[in-house]
Amino acid sequence: MLTVYGIKNCDSVKKALKFFKEHNIETELFDFKKETPSPEKIEMWVNKAGIDKVFNNRGTTYRNLKLKELNLDEAGKIQWLCKELMLIKRPVIEYKDMVIVGFNEEIYKKTFL
């Protein structure tokens, strides 16, 4: 069973869940609104996928918190990811030894089918 990390009302998460459902791949949603991933898990995502993939610097949360002005290094970004889950680019999927961030149908087809 695949765990999809994200929030229910996120468009990218919806697309990912739809993709898996259409291809009969069983998933469960780890909803950031209800549960919090451990700091160790977030660090593992960053280590496997890269800070630029995991850290969402395009979203409303990033702008509202004025994080651009802080010129955060990787450690600073990881601290913010642990404090503010809406900074995590969604969805995050752990599969075999990989961490896949975001929804990209071509990558999903190559990886999961």
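Keep in mind it's a predicted model, so treat the numbers as computed, not measured.
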Hydrophobic clusters here meaning ILVMFWY residues chained together by side-chain heavy-atom distances under 4.5 Å, can you tell me if Leu87 and Trp45 are in one?
yes
Has Lys53 got more than 12 heavy atoms of other residues, nucleotides or ligands less than 6.0 Å from its NZ?
no
message: One pair to check against side chain to side chain contact (heavy atoms under 4.5 Å, CB included): Ile93 and Thr3. What are the steps and the verdict?
response: CA-CA 6 Å; Ile93 298 164; Thr3 301; over 6 Å; no
**Prompt:** Cation-pi between Lys83 and Trp80: NZ/CZ under 6.0 Å from ring centre and within 45° of the ring axis?
**Reply:** yes
Quick check: is Tyr95 connected to Val54 through a chain of hydrophobic side chains (ILVMFWY, heavy atoms under 4.5 Å apart)?
no
(message) Quick check on the hydrophobic clustering: are Met44 and Leu85 connected, directly or via other members, by side-chain heavy-atom contacts under 4.5 Å?
(response) yes
Separation between CG (Asn56) and CG (Asp52), nearest 0.5 Å, reads 11.5 Å
query: With a 4.5 Å limit on heavy-atom distance, are the side chains of Gln79 and Glu74 in contact?
result: no
Between Gly6 and Val13, the two heavy atoms sitting closest are CA-CG2, 4.0 Å
Taking every heavy atom of Cys10 against every heavy atom of Arg90, the minimum-distance pair comes out as SG-NE, 3.5 Å
Practice item. Using a strict 4.0 Å threshold on nitrogen-to-oxygen distance, state whether Glu105 and Lys15 make a salt bridge. Key: no
ask   = Given side chains that start at C-beta, do those of Val4 and Leu17 come closer than 4.5 Å, heavy atoms only?
value = yes
Group every Ile, Leu, Val, Met, Phe, Trp and Tyr by side-chain heavy-atom contacts under 4.5 Å, then state whether Met98 and Phe19 land in the same group. yes
Taking the side chain as every heavy atom from C-beta outward, state whether Ile51 and Leu81 have any pair of such atoms under 4.5 Å apart. yes
Notebook entry, point to check: Is there side-chain contact between Lys68 and Asn57, with at least one heavy-atom pair below 4.5 Å?
Noted result: no
Sorted by chain and residue number, the ring pair (Phe, Tyr, Trp, His ring centres under 6.0 Å) partners of Phe30 (sequence neighbours excluded) come out as Tyr5
Check your understanding: Tell me, do Ile25 and Leu113 make a side-chain contact under 4.5 Å, heavy atoms counted?
Key -> yes
Would you say the side chain of Glu26 lies within less than 4.5 Å of the side chain of Leu2, judging by non-hydrogen atoms? no
Residues passing the side-chain contact (heavy atoms from CB on, under 4.5 Å) test with Glu43, sequence neighbours excluded, are Ile78
Hey, any chance Ile42 and Val101 share a hydrophobic cluster, counting ILVMFWY side chains that come within less than 4.5 Å of each other, even indirectly? yes
Closest heavy-atom pair, Phe55 versus Lys89, reported as atoms and distance to 0.1 Å, is O-CE, 3.9 Å
query: Are any of the side-chain heavy atoms of Leu29 and Pro91 separated by less than 4.5 Å?
result: no
Rounding to 0.5 Å, atoms SG (Cys82) and CD (Glu40) come to a distance of 8.0 Å
_What verdict does the side chain to side chain contact (heavy atoms under 4.5 Å, CB included) test give for Glu84 and Thr61, after you've listed the backbone C-alpha separation in whole Å, the side-chain angles of each residue and the deciding distance to 0.1 Å?_
CA-CA 8 Å; Glu84 187 48 75; Thr61 304; 3.5 Å; yes
query: When you look at Lys48 and Glu94, which way does the salt bridge (Lys or Arg N to Asp or Glu O under 4.0 Å) test go after all the steps?
result: CA-CA 10 Å; Lys48 290 193 180 215; Glu94 296 170 4; over 6 Å; no
For Phe20, the ring pair (Phe, Tyr, Trp, His ring centres under 6.0 Å) test, sequence neighbours excluded, returns Tyr108, Phe112
- Would a 4.5 Å heavy-atom cut-off, applied to side chains only, mark Val99 and Val92 as touching? yes
Shortest non-hydrogen pair, Lys33 vs Met86, comes out as NZ-SD, 4.4 Å
Salt bridge present between Lys18 and Glu22 (N-O < 4.0 angstrom): yes
